[in-house]
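Heads up, the thing below is written out as structure tokens.
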Amino acid sequence: MSARPPAPESLPTRLLTLFRTTAFKLSLAYLLVFAAFAFFALGYVAWNARQVLDDQIVSTIEAEISGLSDQYAAGGIRRLVSVVERRSREPGASLYLVTTPAGEHVVGNVESLPAGLLAAPGQTETAYGRGTDGERLDHRAIVRIFTLPGGFRLLVGRDVEERDRLRAVIARAFAWSLMLVVGLGFVGSLFIAQRVLKRVDAMTEITRGIMAGDLDGRLSLAGTGDELDRLAQNLNAMLDRIGELMRGLREVSDNIAHDLKTPLTRLRNKADEALRTADDPDTLRAALEANIEESDNLIRVFNALLMIARLEAGGTRETLADFDAGAVALEVAELYEAVAEERGVTLRTEIATGLAVHGSRELIGQAIANLIDNALKYGAEAAEPVVTVSARREGGTIRLAVADRGPGIPAAERGRVLERFVRLETARSRPGFGLGLSLVNAVARLHLGAFLLEDNAPGLRAVLSLPASAAAVSAQPLRKA
């Protein structure tokens, strides 16, 4: 029975989900930072605009005062009153007022002022009334007050209505700008969160399918190269690796069922034959020894399978250390010198020193031993039976190679022979179970390296390529044996 699809979410639930997303929270945080920056920036602009306008007004008042001072110096109070009267009738924002010592209005376009203002000479900002406004103080101005000889008082100022109007315009623009920034930012945050959540939901659906058993499912990429694409790529690579391991597990199960069935059947038949036909202790003993030998072969197969499984799972990484791979290759080659001589094969070594790698000395040694054993097995039939073991540094890579001059492996089959229990038709007559190269390949993967099978023209060249350790030194001249 198939599972029911999830019910569609209501709008409030969907919005609540969006609000909880990291994308929305980050966008909202950026919005708050930007809004605060915009608030201070616009406030700074408004404050500077007011300061500029105030400075212009003060400069205008200073110019008016300078002109009136010249008139007063030239003709006294009468000349000053005449000039003020003429200027008061001109349209504009300039303010003038001349009063008697008792505060009575003499001439000017200012009708009313706050009580006691004229008694305090200097510059100030104040309310005032003008024209037909009577006593209403519904205007504002920046004024400067002087006490003239004889007790007369002179007020010169400038209406700040334009400044206040501009300030109101800036304040409205400021408020609307902040509202627009917050509104658009909030909508943008929802849009970004919706897009991210849509991609995450798509990933979730695919992962649910994978958990349900569809191991072929893969996360889709948007092609933007962003963090979600990188995450999807890594997860897809992980799924590919899991798929490879699952396929390997199935292949191992199938291979165990098929390839190990023959030796187990042979073991059982030998035991059955011994029980039926053996009529003396020597015959029984020979049958038991044959069964023990067959059992040892099976144990070696299972040990190799367990070792490959451990290597592919990375179970030996805690034992890795720096060591000289060249020295290990030389030691293994020396162990096989007697075997090579017995088979009539010339074993040569071209080993450089100072080839430090970070890994397992035992596993690298086992891998080299497998390669030499294979080379001796197939290279012994060559017209010129020579096996060469070499180790050298190429840039940041240590290359450990074993080359023979045997029949080699066709290029189309070189990838397949790295799988478990795979044996070519030409190797069926020779002892073995097809696990040696699989073990070497697993060792290479554990050490983040590569295992390559190359043409030796004639023969096969098996190369174990490993990353050099940071402690590696330059390779010394090759040492040949």
Side-chain angles (χ1 to χ4, degrees), residues 303-304 307-340 345-379 386-405 409 414 417-418 435-456 459-481:
N303 286 339
M307 177 62 72
I308 293 173
R310 287 185 59 200
L311 294 177
E312 290 182 341
T316 59
R317 291 189 182 276
E318 65 276 2
T319 62
L320 304 184
D322 290 336
F323 65 94
D324 189 346
V328 173
L330 186 59
E331 291 173 3
V332 176
E334 290 174 349
L335 291 176
Y336 275 88
E337 285 180 352
V339 179
V345 179
T346 301
L347 183 60
R348 297 176 180 173
T349 57
E350 297 177 349
I351 310 295
T353 58
L355 304 181
V357 298
H358 185 75
S360 170
R361 185 185 185 93
E362 292 74 18
L363 292 177
I364 297 296
Q366 180 64 52
I368 297 173
N370 284 8
L371 296 180
I372 295 177
D373 186 68
N374 274 355
L376 293 177
K377 184 188 304 182
Y378 296 102
V386 176
V387 171
T388 304
V389 180
S390 63
R392 67 178 184 272
R393 180 189 180 104
E394 292 185 1
T397 302
I398 304 300
R399 287 173 62 89
L400 305 173
V402 178
D404 63 67
R405 297 181 181 177
I409 298 176
R414 290 173 187 168
V417 296
L418 301 182
L435 293 174
L437 296 183
S438 298
L439 179 60
V440 177
N441 191 43
V443 170
R445 283 188 175 183
L446 176 70
H447 292 80
L448 305 179
F451 179 47
L452 307 174
L453 297 177
E454 302 173 349
D455 191 0
N456 195 41
L460 183 69
R461 180 181 178 85
V463 181
L464 184 59
S465 181
L466 304 173
S469 170
V473 297
S474 301
Q476 303 297 321
L478 294 180
R479 177 172 55 186
K480 301 182 179 181

field: pair Leu460-Asp455: side-chain heavy atoms closer than 4.5 Å
entry: no
- line: Heavy-atom closest pair (Gly354 atom, Asp324 atom, distance to 0.1 Å) is N-OD2, 3.4 Å
Gap between atom CD1 of Ile398 and atom OG of Ser465 - 0.5 Å precision: 9.0 Å
- request: Kindly compute the distance separating OH (Tyr336) from CD1 (Ile368), expressed to the nearest 0.5 Å.
  value: 11.0 Å
- prompt: Looking only at heavy atoms, which two atoms of Ala333 and Leu347 are closest? And how far apart?
  reply: O-CD2, 3.3 Å
message: So, taking the atom named CG in Leu363 and the one named CG in Leu439, what distance separates them when rounded to the nearest 0.5 Å?
response: 7.5 Å
query: Between Ile364 and Leu400, is any pair of side-chain heavy atoms under 4.5 Å apart?
result: yes
field: Ionic contact status for Arg399 with Glu454, cut-off 4.0 Å
entry: yes
- prompt: Under 4.5 Å between any side-chain heavy atoms of Val357 and Leu355, yes or no?
  reply: no
- request: Taking all non-hydrogen atoms of both residues into account, name the closest pair between Gly326 and Ala391 and its distance.
  value: CA-CB, 4.3 Å
statement: Closest heavy-atom pair, Val332 versus Gly365, reported as atoms and distance to 0.1 Å, is CG2-O, 3.8 Å
message: Counting C-beta onward and ignoring hydrogens, is there a side-chain heavy-atom pair between Thr388 and Glu350 closer than 4.5 Å?
response: yes
task: Could you grab the distance from atom OG of Ser390 to atom CZ of Arg348, nearest 0.5 Å is fine?
output: 12.5 Å
task: Could you go through the side-chain contact (heavy atoms from CB on, under 4.5 Å) check for Ile409 and Leu453 one step at a time?
output: CA-CA 8 Å; Ile409 298 176; Leu453 297 177; 4.3 Å; yes
- prompt: For Arg405, does its backbone N or O pair with a side-chain atom of Asn456 as donor and acceptor, under 3.5 Å?
  reply: no
message: Between Phe451 and Val463, does the side-chain contact (heavy atoms from CB on, under 4.5 Å) criterion hold? Intermediate values first, please.
response: CA-CA 6 Å; Phe451 179 47; Val463 181; 5.9 Å; no
message: Measuring only between side-chain heavy atoms, which start at C-beta, is Val389 closer than 4.5 Å to Ile351?
response: yes
Close side-chain approach of Asn370 to Leu437, heavy-atom, < 4.5 Å: no
task: Mind checking the CZ-OG spacing from Phe323 to Ser469? Nearest 0.5 Å is all I need.
output: 9.5 Å
message: Please report the interatomic distance CG(Asn441) to CZ(Arg445), rounded to the nearest 0.5 Å.
response: 5.5 Å
task: Test Arg393 against Thr397 for side-chain contact (heavy atoms from CB on, under 4.5 Å), laying out the working first.
output: CA-CA 6 Å; Arg393 180 189 180 104; Thr397 302; over 6 Å; no
Contact check, side chains of Arg361 and Gln366, non-hydrogen atoms, under 4.5 Å: no
query: Does any non-hydrogen side-chain atom of Leu371 lie less than 4.5 Å from one of Val440?
result: yes
